[in-house]
Amino acid sequence: MIVIVDCGMGNLRSVQKGFERVGHAAAITDRPEDVDRADRVVLPGVGAFGDAMVNLKTAGLVEPLIHSISSGRPFLGICVGLQLLFTESSEMGRHRGFGVLPGSVRRFPHGVRVPQIGWNQIRIHKQTPLLAGIPDDAFFYFVHSYYVDAEVETDRVATTDYALDYTSIAGRGATYGIQFHPEKSQDLGLRILKNFAERVC
Amino acid sequence: MLAKRIIPCLDVKNGRNVRGVKFSADRDAGDPVELARRYDEEGADELVFYDITASAEKRDIVSGLVRQVSEQVFIPFTVGGGVRTFDDICTIIEGGAEKASINSAAVRSPELITRGAARFGAQAIVGSIDAVRRGDPAGNPVWEVMIDGGRTPTGRDALAWAMELVDRGAGELVLNSIDADGTREGYDVELNRAVAEQVDVPIVASGGSGGPEHMYQVLQEGKASAALAASIFHYRHYSIPQVKSYLASRGVCVRPRVRVDL
């Protein structure tokens, strides 16, 4: 069962519809016991990192999510959901994330328009089941002001160029985070959701 | 690199398209969801829906439209038109749209922008500005902000208002030139450039497109990040692939339409 975790922020129904479109049911929940029972967990999020962490803590979801990730069950973080995997973020104060992947979350520097809004390309650094059928330089829809700086090179599945080359897809084992919105990236995005449902283990 | 965005803009009244020609016997030119699907197929980067319904049922009609579009089309879309209250913003964003576009109401109640951005994030709040070109005594271009569908002058400077919208939390601005709108003679390139040079958020150009060359001008010289167009697409003067092909041939980064087995 695919579970989409509600952290109080984000377009959950679009993600659910995206999975449905590629033939997979997904349930939206904010209950820790549903995360414990899930085969695959998706954590979408839009908005501020700090707010997301507060909401997840209040709902008692942080421990179950970290436990699910550590036990090797497939996990897909989207947008803020990617950022939460890391050690900390400097968005609106300093906030700690799950700390599953070492690295930090920073604001784009001056010199580019912020937020980055629109379609940008991924440069794939390592082949993974999540990217089956996705070509290098494929465009996906990004909307964010903060980016991930992943410390460990092998965690950087793909990077994107905007002011600098930043990690747009992070991954280790069955744990993935993507900065862009697959549910808003048309066929290529839907293919990523399909891959997550069918190939990641 | 980040592509420039081409965005069809649909005017919807009582849940039906206001503009558009029937494009084939079995497809309904009046159905905004149908048109959204067609533009999505053609490679639109986003969609904008302006709801110009003026009725008590408006909120239900908007939320119905938002739900249907978000269930069938997997690209981002913005809803605007008569967004007056915080509840209107919630209806739009919680219903599944990426962004709510706020125009006259922001001038009257600028705290709407602040509140909307605090709740949903700056990226969900678009400041929409209707601007009329005036001259100053030295002949330099200045633009005045108009509200209520471009009918009511405010006496406010569009550049200053643009900066205030961004300070309050708008993550993107749409600049609609009243003078250029509907003329098909080109966008107001100077307006876009002037604002783009004052703020650090993406600027979406609106009003005046007659074809791909105009889009090129406003995206290049005008420094816009995206271009909205309505008539040229709704009346099929040009297709989205034609526009993108032209832009690509002139060195503009655009997203190609890719089909994938699902």
Side-chain angles (χ1 to χ4, degrees), chain A residues 8-18 20-23 45-48 51-52 79-80 91-92 108 110-121 132-135 137-145 160-163 181-195, chain B residues 1-7 40-41 43-47 66-78 93-99 117-126 166 170-173 196 199-204 223-226 253-262:
Chain A
M9 301 142 59
N11 197 340
L12 307 169
R13 285 200 38 254
S14 292
V15 176
Q16 186 182 47
K17 286 293 164 194
E20 267 174 43
R21 174 74 178 76
V22 295
V46 170
D51 292 345
C79 199
V80 173
E91 180 173 8
M92 289 172 20
F108 281 119
H110 287 298
V112 288
R113 296 190 181 272
V114 179
Q116 175 182 207
I117 300 181
W119 299 78
N120 201 339
Q121 298 169 278
I134 305 288
D137 292 333
F139 282 88
F140 293 93
Y141 189 80
F142 290 83
V143 52
H144 62 124
S145 304
T160 292
D161 171 35
Y162 191 70
H181 290 268
E183 76 283 8
K184 293 290 168 175
S185 295
Q186 225 184 21
D187 288 2
L188 288 169
L190 293 176
R191 182 63 201 260
I192 290 206
L193 294 179
K194 188 175 170 77
N195 291 342
Chain B
M1 60 186 293
L2 183 68
K4 298 285 189 184
R5 291 169 277 150
I6 301 303
I7 307 177
D40 173 42
E41 280 166 34
D45 295 308
E46 292 180 19
L47 298 170
V66 169
R67 189 176 38 79
Q68 281 186 72
V69 173
S70 69
E71 286 176 2
Q72 299 186 47
V73 171
F74 296 93
I75 57 175
F77 67 100
T78 301
I93 304 300
E94 287 167 2
E98 270 51 58
K99 304 182 242 180
R119 172 71 181 84
F120 296 107
Q123 81 296 325
I125 303 298
V126 178
V166 172
E172 189 171 63
L173 297 177
V199 301
D200 287 333
V201 301
I203 306 296
V204 180
K223 298 189 173 179
S225 302
C253 179
V254 288
R255 172 185 74 102
R257 180 69 175 93
V258 173
R259 279 171 225 292
V260 172
D261 288 334
L262 289 175

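Only a predicted model underlies this, so the values are computations on that prediction, with no experimental measurement involved. Proteins come first, then strands; the chains are lettered A, B, ... in the order of their sequence lines, and each starts at number 1.
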Tell me, for [X] versus chain A, whether the close heavy atoms (under 4.5 Å) come from the side chain, the backbone, both or neither.
X        : result
B/Ala196 : both
B/Gln72  : neither
B/Ala3   : both

Verify, without hydrogens or angle tests, whether [X] (side chain) and [Y] (backbone) share a donor-acceptor contact under 3.5 angstrom.
X        : Y        : answer
B/Asp40  : B/Val73  : no
A/Gln186 : A/Glu183 : no
A/Trp119 : B/Asp45  : yes
A/Arg113 : B/Val199 : yes

Problem - side-chain hydrogen bond (donor to acceptor under 3.5 Å, both in side chains) partners of A/Ser14, counting only residues at least two apart - result: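 Counting only residues at least two positions away or on another chain, A/Ser14 forms a side-chain hydrogen bond (donor to acceptor under 3.5 Å, both in side chains) with A/Asn11.
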Exercise for the section: Check whether A/Gln16 gets within reach of chain B through its side chain, its backbone, both or neither, counting any heavy atom under 4.5 Å. Expected result: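 Neither part, no heavy atoms under 4.5 Å.
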Problem - Engaged part of A/Arg191 at the chain B interface, taking heavy atoms whose separation is under 4.5 Å - result: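 Both backbone and side chain.
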Practice task
Determine the option with the most heavy-atom pairs under 4.5 angstrom with chain A, choosing from B/Gly95, B/Gly171, B/Gly121.
Solution key: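 Heavy-atom pairs under 4.5 Å are most numerous for B/Gly171.
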Problem - Residue, of B/Arg259, B/Glu46, B/Arg119, that accumulates the most heavy atom pairs under 4.5 Å with chain A - result: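 If we count pairs closer than 4.5 Å to chain A, B/Glu46 comes out on top.
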Heavy-atom pairs under 4.5 Å with chain B are the metric here; pick the option from [options] that has the most.
options                      : result
A/Leu190, A/Asp161, A/Val143 : A/Leu190
A/His181, A/His110, A/Gln116 : A/Gln116
A/Tyr141, A/Tyr162, A/Phe142 : A/Tyr141
A/Val46, A/Thr160, A/Asn120  : A/Asn120
A/Lys184, A/Arg13, A/Lys194  : A/Lys184
A/Val114, A/Asp51, A/Val22   : A/Val114

Exercise for the section: Report the C-alpha distance between A/Phe108 and A/His144 in whole Å, list the side-chain angles of each, state the deciding distance to 0.1 Å, and finish with yes or no for ring pair (Phe, Tyr, Trp, His ring centres under 6.0 Å). Expected result: CA-CA 9 Å; A/Phe108 281 119; A/His144 62 124; 5.0 Å; yes
Handout entry: N-O pairing of B/Glu71 and A/Arg21 below 4.0 Å
Key =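 So B/Glu71 does not pair with A/Arg21 through a salt bridge.
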Handout entry: Heavy-atom neighbours of B/Arg257 CZ exceed 12 at 6.0 Å
Key =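 More than 12 within 6.0 Å, yes.
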Handout entry: For B/Ala226, side chain to side chain contact (heavy atoms under 4.5 Å, CB included) partners two or more places apart
Key =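 Here the qualifying residues are B/Arg5, B/Ile7, B/Val204.
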